[in-house]
Each structure stands twice: as C-alpha cells, then as structure tokens.
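No hydrogens, no waters, no symmetry mates; every other heavy atom, side chains included, goes into these values. From a predicted model like this one, the values you see are computed outputs, not experimental measurements. So that the names make sense, note that chain A is the first sequence line, chain B the second, and so on, each numbered from 1.
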Protein chains: 2
Amino acid sequence: MSDDTKSLVRSTALRLFRERGYAATTMRAIAQEAGVATGNAYYHFASKDHLVQELYLDVTREHAVAARSVLAQGGDLTARLRGVMLAGVDAFAEYHAFGAEFVTVAIRPGSAASPFSAESSESRELSQALFRDLVEEASPEVPTVLRDELPELLWLAQLGVTLFWVYDGSPGQRRTRTLVEGAAPLIGRLVRLSRLPVLRGAADDMLALVRAVRS
Amino acid sequence: MSDDTKSLVRSTALRLFRERGYAATTMRAIAQEAGVATGNAYYHFASKDHLVQELYLDVTREHAVAARSVLAQGGDLTARLRGVMLAGVDAFAEYHAFGAEFVTVAIRPGSAASPFSAESSESRELSQALFRDLVEEASPEVPTVLRDELPELLWLAQLGVTLFWVYDGSPGQRRTRTLVEGAAPLIGRLVRLSRLPVLRGAADDMLALVRAVRS
DNA sequence: ATGTTCAGTTGAACATGTTCAACTCGATGC
DNA sequence: GCATCGAGTTGAACATGTTCAACTGAACAT
C-alpha cells in the first residue's frame, strides 16, 4: 500500500493546490481527500513544502516539454531565449493566482521547494540543461568565452523573470511578456557586442566576477 | 497607555527578533515579555508581518545614515555605488543568521514588510532617495539619458544583492562583498560606455523596456 | 450622581502545520 | 503454529498565528 498511498497523497495534493492554492490547501484536507490519516501524509512527505516541491517538479517538466519543442526549431540566441522564457510564462500562467504563495514558499532558503535546494536537484538539472542546449545549439554561435557561464546566467535570469511575474498584476501577465520580449533581444545584442574590443573588457570582468562569486 | 503600549510592544518585538530571529519569536513571547495580553499586540499591530516591517524600517534607517556619510564624500558613480551597497551589507550583517527568514517574509507580495507594499512606503522612499542622490550628485556626471531611470534600477539591484546575501553562506558574507566590489565598477563602466554609438542603441532599448514594463 | 460611550485590554477559542506514542498486520524466523 | 519485527498507519496532542466576545475604566453628557 505504501507506494500507492504515497502517489495518492501526491496527486491529491497537487490537485488541491491547483484548485485552491497553497494556503487554502490544508494538510488535513489533503489527507482527508486522499482517504488517509493526517499523520500518514507526513510519513510520506516530510512537510507541506515537500509537497509544493512535487508541484514545482511537475510544472518544470511541463515547461521542459514545451521548451524542447521551441528549441527544436533552431534559431538564434534571441529567438531561443524568447521562446523558452515565454514557454515558462505559459507553464506558470495557470498558477498565477496563487503564484505569489508558491514562490514565497520556494524562495525560502531552507525550503525543499527552493530552486537551489538538494531536493529540487531534479527540476534544477532539467531546467539548467534546457538553457545549456539553448546556448550551445544557437546559430549563429555564441562567442566561445561566454558559452560556459551564459547558460547558468540565463537560468538565473529566468528565476528573476519568475520573481517579476509574481508581482505582475497585469491581465494575462502582459508586463512579464513585455519584459521577456524586450529583454531577449537586448541580451542577444549584448552577447553579439561582447566580441567588440570596447566591450571585451567589460565582458571579461563580468565573467571573472561570476566565477569569483561562485567560489 | 495606548501609545506607551504600542511602542513597548514594538521595542520588545524588535529586541526579540534581534535576539532570537523571526520564527523563534512568538507573538505570545512578545506579549508576555512586554507584559500585555496576546490579543493586545494584535490591537496595535495587525500581524506579525507588521512587526517585521518595523524592524525593516529600523534597519533601513541605519543604512540610510551610514550611506549618507558615504555619499557626503563625493566620488564617481562606481565609488558611491560601492559605498552605499557595502553600507547595506554592513547594516544587514547583524541579521544574517535570521536574514533568510526575514527576507522570506518580506518578499511575500501580500506582506506588510514587502519593499513594494504600501506599509513600507516610508523605508522605500528613504532608500530610493539615497539612490537618487547617489546618481545625481556623482562626479563625473551620469549621462542625462540615464539619470531618470538609473536610481530605481540601482535600488532594484540593491534588492537583488540582498537576495543574493540571503543565500550567501560564506563567512562574513564575503561572496556578497565580492559581488558588490565587482558589480559596482562594472556598472560604472557600462554607464560610461553607454555614451558610445555602438552601445547607445542597446542603452535606449533598455530604457524603453524599463518604461514599457513599468506601465 | 448616573448613564453612555468607546479606546484599550484580556484570555479563551480556533485553524493549521507538525509530532508522536500506539496500533495493525503481513513477513520472517524458529 | 507462534513469536518477533518493522513498515505503514492512526488520531490525539502540541505550538503558534490570529480572532473575538467580553470586560475595564476614563472621559463626557445629562
């Protein structure tokens, strides 16, 4: 019964999260709806955060699928970045009403649902692989110096866009889409310009900074 | 007694927050330590978040004082930005152990302690005025095109640095300081370069984006 | 004096995340 | 067959943020 129970609790939790949001979905409601005792949910999932983490993984997978089909179409860095990020906005759209709650939970450093947490490694890898592909298979090619660091920077940028999205109250999250539509070509242009001697120094400094900060 | 009680609750809460952090400071403990009933704290402060907001205001004020004395020394954009941001890291340093909790609370869109909330307008204004001064009184002067938008962008950058700081587990938050030491000259350089014809287009696009996204 | 009002205060009650001692029951060992 | 073990399960208990009906007492009106 264990595996069955675990996946039953998970699917019930995800359904309730989707229907009611984070705060309105109590652990008691999840357990009751799944037909198990409250404590049983805790036997399978260490905390409510861990259930949110399951939702996060779910949404990441949806995003990955959509993004893969965007990336399969080729294109330059700008087009690919725009496509992947807009696919992200779409994947998240369903949750915008509760998005704030979820991101709040996810951003807490100790949280299992944090994009940086060990528990989230699966979704993090999935997502970061996306951005590696985005950069590496772009044509025309991204300058070699940038190729190592850019994927992670873009992944961070996506987290930033998500944070913006949380605060975006415009209908259909139009402002977030505007941000992506504007930022993608801007980043594409800066990457191209990084080859120029005037900017080469700034680009090198930036890469050095990223490496210094990481260690 | 009302005003007395209110400020007593506030100072007790702030003391306990400093001593024990956010989660370990219960509303009951605050009330008990202040010698009032639990419900009384709620009569004066709508929620625990509102008490955190008081702490946020306190820290912002400390930062403003330190930053003002940095700005009084003149200097170029890089030096001023570096000084103000490092003063911020210092002002926050005392809370790093609990910083994660506080920022988590502060970032929740509905929270009173959110930097974007109506309740935080006082600290937000205080902080944004700092960055306006930082930009406007810098010498050599910041290019005119940038002068309107740059202060708010730098204020947002400071929020970003704070977010980084939350996740920074290095001793003395060395990585955050490294980030500031590296980012300040980088931003200074990019601002100077924005005058060049090659970058002028990118700079204009970025400003247009900021304006488009804001509305 | 007496009654009225109301800001300030009280503490019990409530909802919810989480913990835990006890129970079930199939598998395993003898 | 019987005892033992332990993964899985139960529901009551606990801690804490928050709410609320009731109480207090000073200020004011009559």
Side-chain angles (χ1 to χ4, degrees), chain A residues 1-14 16-17 19-56 98 100-102 104-114 117 119, chain B residues 1-14 16-17 19-55 98 100-102 104-114 119:
Chain A
M1 285 294 281
S2 170
D3 281 356
D4 284 354
T5 305
K6 180 165 184 176
S7 91
L8 176 62
V9 169
R10 172 174 30 235
S11 60
T12 305
L14 263 53
L16 293 185
F17 281 147
E19 286 173 9
R20 313 178 185 173
Y22 175 77
T25 301
T26 68
M27 290 298 283
R28 282 171 182 76
I30 293 171
Q32 187 177 346
E33 198 87 1
V36 302
T38 315
N40 201 352
Y42 279 91
Y43 180 80
H44 294 290
F45 298 95
S47 72
K48 197 177 173 185
D49 279 8
H50 282 74
L51 281 166
V52 171
Q53 141 68 16
E54 299 286 330
L55 178 65
Y56 176 48
F98 329 117
E101 292 175 300
F102 289 125
T104 295
V105 169
I107 211 164
R108 185 162 62 242
S111 166
S114 161
S117 78
E119 290 95 332
Chain B
M1 286 295 280
S2 170
D3 282 355
D4 284 353
T5 304
K6 180 166 184 175
S7 89
L8 176 62
V9 169
R10 173 175 27 233
S11 60
T12 304
L14 263 53
L16 293 184
F17 280 149
E19 287 174 7
R20 312 179 185 175
Y22 175 77
T25 300
T26 69
M27 290 299 283
R28 282 170 182 77
I30 294 171
Q32 187 177 345
E33 198 87 0
V36 302
T38 314
N40 201 352
Y42 279 91
Y43 180 79
H44 294 291
F45 299 95
S47 73
K48 198 177 172 184
D49 278 8
H50 282 75
L51 281 167
V52 170
Q53 140 68 15
E54 298 286 330
L55 177 66
F98 329 117
E101 291 175 302
F102 289 124
T104 294
V105 169
I107 211 164
R108 186 164 60 244
S111 167
S114 161
E119 290 95 332

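- A/Tyr42 places its OH atom 4 Å from the P atom of C/dT18, with the value rounded to the nearest Å.
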Contact string for nucleotides 21-27 of chain C, one letter per nucleotide 5' to 3', B = base within protein heavy-atom range under 4.0 Å, S = sugar-phosphate only, - = neither, reads -------

Using a cutoff of under 3.5 Å, can you pull out all pairs of nitrogen or oxygen atoms linking the protein to nucleotides 10-13 of chain D, with atom names and distances?
residue	atom	partner	partner atom	Å
D/dT10	OP2	A/Ala37	N	2.8
D/dT10	OP2	A/Asn40	ND2	3.1

> Passes side-chain contact (heavy atoms from CB on, under 4.5 Å), A/Arg108 versus A/Asp49? Steps please.
Replying inline: CA-CA 10 Å; A/Arg108 185 162 62 242; A/Asp49 279 8; 2.8 Å; yes

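- Whole-Å rounding puts the B/Phe45 CZ to C/dG8 P distance at 13 Å.
- Residue B/Thr5 has a polar side-chain atom (N or O) positioned under 4.0 Å from OP1 or OP2 of C/dT9.
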Next item on the list: Step by step, work out the side-chain contact (heavy atoms from CB on, under 4.5 Å) result for A/Phe45 and A/Gln53.
Entry: CA-CA 10 Å; A/Phe45 298 95; A/Gln53 141 68 16; over 6 Å; no

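- Remark: C/dG3 base-pairs with D/dC28. Criterion, Watson-Crick or G-U wobble with two distances under 3.5 Å.
- For B/Thr26, counting side-chain heavy atoms from C-beta on, the closest listed nucleotide (C/dT18, D/dT9, D/dT16) is D/dT16.
- At least one cation-pi condition fails for B/Lys48 and B/Phe17: the charged atom is not both under 6.0 angstrom from the six-membered ring centre and inside a 45 degree cone around its axis.
- Here the shortest heavy-atom pairing between A/Thr5 and A/Asn40 reads CG2-ND2, 3.8 Å.
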Give every donor-acceptor pair under 3.5 Å between a side-chain atom in residues 28-35 of chain A and any protein atom, sequence neighbours left out.
residue	atom	partner	partner atom	Å
A/Glu33	OE2	A/Arg15	NH2	3.3

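- Note on B/His44: a side-chain N or O is less than 4.0 Å away from OP1 or OP2 of C/dT9.
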